[in-house]
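Just so we're on the same page: letters track the sequence lines, and every chain starts at 1.
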Amino acid sequence: MPELPEVETTRRGLEPWVSGKKITRITIRQASLRWSVPEKKIQLLRGQVIHRVSRRAKYLLFHADPGVLLIHLGMSGSLRILETHQPPQPHDHVDIHFGNLCLRYRDPRRFGAILWATDPQHHPLLEPLGPEPLSEQFDGAFLFRRSRKRKVAVKNFIMNSRIVVGVGNIYASEALFMAGIDPRRPAGRISLKRYMKLAGAIRQVLTSAIEAGGTTLRDFVGSSGNPGYFSQELNVYGREGQPCPRCGGAIQKTIIGQRSTFFCRMCQR
DNA sequence: ATGGTCCCCTGACCGC
DNA sequence: TGCGGTCAGGGGACCA
């Protein structure tokens, strides 16, 4: 999946195409995603105008008068704008038509979700989420405070969406490298000073990825239909055995919380 | 509350 | 070229 920068890039790409536009038709070919797509509720959108597209964590929110369409891209989802007559390809599960344009959802692995919320503020998936990493509430003091007495590895801690949203597996490794913190270190045993550095690194890595239009590894296709081009900027992710850009030592790979983790033993303590 | 594990699904890739 | 095994960026549901 798209990490947060890809989701934000998608949002920005879609917004001008769908904001203020009226939905003329919705086609659901495959309702079996992570959760079953609630077809009846979603059909309420027919004839309605999408007022704006916002984002909370990695969920995209399409706002209309009767409610909000929530879309999560999972690991392999993408959204793109097409002309309505374009025939669907395999894994193109849902079309939302706006006259002669079509917003098409594709998701080969079907880990994504399309849901309906009348009150997104209190939706069970959104309510428990921590702050946005690019918001003012998120800083080193916040991470320090929330981490006291916690034994979980700091990488898991920053990937926990109840703590802070939007830090996926790639950028967790990248931010910890930038901050010089060993990803295996217990979250509760890291100083305020180091958390300030980590919070800054998280902001920076996400911001620069958004500016670059999002990282692309395998599955992401931008809303323009063109793949991104940022993966070569990664310092440690996917670089096991290659030289650390800072000290030249070999990048290590380990598994933390069932996920691949890359770091430099010399630079990260 | 916290921490750890499991899994939804398909496709890409690697070694034989 | 085919085949089987392994792995993948998310993250909710469970369990102890």
Side-chain angles (χ1 to χ4, degrees), chain A residues 1-10 29-37 55-60 70-79 89-93 105-115 123-130 133 145-176 183-189 202 205-206 209-210 212-222 227-241 253-262:
Chain A
M1 146 174 231
E3 292 226 15
L4 183 132
E6 286 84 347
V7 179
E8 178 60 21
T9 298
T10 297
R29 290 179 211 86
Q30 168 65 276
S32 171
L33 301 181
R34 176 163 194 169
W35 295 281
S36 188
V37 177
R55 178 186 60 73
R56 176 72 176 106
K58 294 176 184 171
Y59 291 90
L60 290 166
L70 296 181
I71 298 185
H72 196 292
L73 301 176
M75 291 234 280
S76 57
S78 63
L79 285 166
Q89 303 297 307
H91 312 300
D92 284 346
H93 305 313
Y105 176 83
R106 174 180 299 179
D107 187 1
R109 289 176 73 180
R110 292 193 276 131
F111 281 14
I114 298 184
L115 298 167
H123 188 279
L125 291 174
L126 302 183
E127 175 117 65
L129 295 175
R145 182 162 26 90
R146 295 297 307 272
S147 62
R148 292 310 86 185
K149 297 182 181 168
R150 296 195 63 158
K151 294 172 183 161
V152 69
V154 61
K155 177 169 178 262
N156 284 344
F157 179 71
I158 60 172
M159 289 180 68
N160 180 345
S161 64
R162 289 168 182 258
I163 302 300
V164 57
V165 302
V167 183
N169 199 42
I170 295 177
Y171 296 128
S173 280
E174 293 297 313
L176 287 161
R184 302 165 297 183
R185 178 175 285 272
R189 296 182 41 224
I202 289 170
V205 77
L206 294 176
I210 289 169
T215 300
T216 293
L217 295 184
R218 291 187 191 85
D219 292 312
F220 178 71
V221 177
Y229 39 78
F230 191 56
S231 52
Q232 69 278 8
E233 304 279 332
L234 300 176
N235 284 308
V236 290
Y237 187 86
R239 296 183 173 274
E240 182 183 17
K253 176 181 174 179
T254 185
I255 303 292
I256 298 177
Q258 340 262 95
R259 306 197 101 88
S260 296
T261 304
F262 298 85

What is the distance, to the nearest angstrom, from the [atom1] atom on [X] to the [atom2] atom on [N]?
{"X": "R162(A)", "N": "dG12(C)", "atom1": "CZ", "atom2": "P", "answer": "8 Å"}
{"X": "N169(A)", "N": "dC7(C)", "atom1": "CG", "atom2": "P", "answer": "14 Å"}
{"X": "I256(A)", "N": "dG4(B)", "atom1": "CD1", "atom2": "C1'", "answer": "14 Å"}
{"X": "N156(A)", "N": "dG11(C)", "atom1": "CG", "atom2": "C1'", "answer": "12 Å"}
{"X": "R150(A)", "N": "dA1(B)", "atom1": "CZ", "atom2": "P", "answer": "12 Å"}
{"X": "E127(A)", "N": "dG11(C)", "atom1": "CD", "atom2": "P", "answer": "18 Å"}
{"X": "R185(A)", "N": "dG3(B)", "atom1": "CZ", "atom2": "P", "answer": "16 Å"}
{"X": "D92(A)", "N": "dG11(B)", "atom1": "CG", "atom2": "P", "answer": "12 Å"}

Any chance CZ of R162(A) has more than 12 other-residue heavy atoms, nucleotides or ligands included, within less than 6.0 Å?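 Counting neighbours around CZ of R162(A), 12 or fewer heavy atoms of other residues, nucleotides or ligands fall under 6.0 Å, so no.
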
Please say whether more than 12 non-hydrogen atoms of neighbouring residues, nucleotides or ligands are located less than 6.0 Å from CZ in R189(A).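 Counting other residues, nucleotides and ligands, CZ of R189(A) stays at 12 neighbours or fewer.
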
Is there a side-chain polar atom (N or O) of Y237(A) under 4.0 Å from OP1 or OP2 of dG9(C)?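 For dG9(C), OP1 or OP2 has a side-chain N or O of Y237(A) closer than 4.0 Å.
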
N or O in side chain of K151(A) less than 4.0 angstrom from dT2(B) OP1/OP2: no

Pick base, sugar-phosphate or nothing for F157(A), based on heavy-atom distances below 4.0 Å to the nucleic acid. nothing

Could you check whether L125(A) gets within reach of a base, just the sugar-phosphate, or nothing at all, counting any heavy atom under 4.0 Å? sugar-phosphate

Gap in Å between the two C1' atoms, one belonging to dC8(B) and one to dG4(C), rounded: 22 Å

Can you tell me, in whole Å, how much space there is between the P of dC9(B) and that of dC14(C)? 16 Å

Find the distance between [atom1] ([X]) and [atom2] ([Y]) and round it off to the nearest 0.5 Å.
{"X": "L206(A)", "Y": "Y171(A)", "atom1": "CG", "atom2": "OH", "result": "7.5 Å"}
{"X": "E174(A)", "Y": "N235(A)", "atom1": "CD", "atom2": "CG", "result": "5.0 Å"}
{"X": "W35(A)", "Y": "L125(A)", "atom1": "CH2", "atom2": "CG", "result": "4.5 Å"}
{"X": "Y105(A)", "Y": "R29(A)", "atom1": "OH", "atom2": "CZ", "result": "13.0 Å"}
{"X": "N156(A)", "Y": "N160(A)", "atom1": "CG", "atom2": "CG", "result": "8.5 Å"}

With the side chain of W35(A) defined as its heavy atoms from C-beta on, choose the nearest nucleotide among dG3(B), dA8(C), dA13(C).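 Looking only at side-chain atoms, W35(A) lies closest to dA13(C).
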
Counting side-chain heavy atoms from C-beta on, which of dG9(C), dG11(C), dA8(C) comes nearest to K253(A)? dA8(C)

Anything under 3.5 Å between a protein N or O and an N or O of nucleotides 7-10 of chain B, put it in a table, one pair a line.
| residue | atom | partner | partner atom | Å |
| --- | --- | --- | --- | --- |
| dC9(B) | O4' | R109(A) | O | 3.4 |
| dC9(B) | O3' | R110(A) | NH2 | 3.0 |
| dC9(B) | O2 | R109(A) | NE | 3.0 |
| dT10(B) | OP1 | R110(A) | NH2 | 3.1 |
| dT10(B) | O4' | P108(A) | O | 3.4 |
| dT10(B) | O3' | H91(A) | NE2 | 3.4 |

Apply side-chain contact (heavy atoms from CB on, under 4.5 Å) to the pair H72(A) and Y59(A), showing each step before the final yes or no. CA-CA 5 Å; H72(A) 196 292; Y59(A) 291 90; 3.6 Å; yes

Sub-3.5 Å donor-acceptor pair from the side chain of R55(A) to the main-chain atoms of L4(A), do we have one? no

Stems of at least 3 consecutive Watson-Crick or G-U wobble pairs (donor-acceptor distances under 3.5 Å) involving DNA chain C, listed by first number, are B:2-8 with C:10-16, B:10-16 with C:2-8

Parallel, tilted or perpendicular for F262(A) and Y237(A), by the 30°/60° rule?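 Ring orientation of F262(A) relative to Y237(A): perpendicular.
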
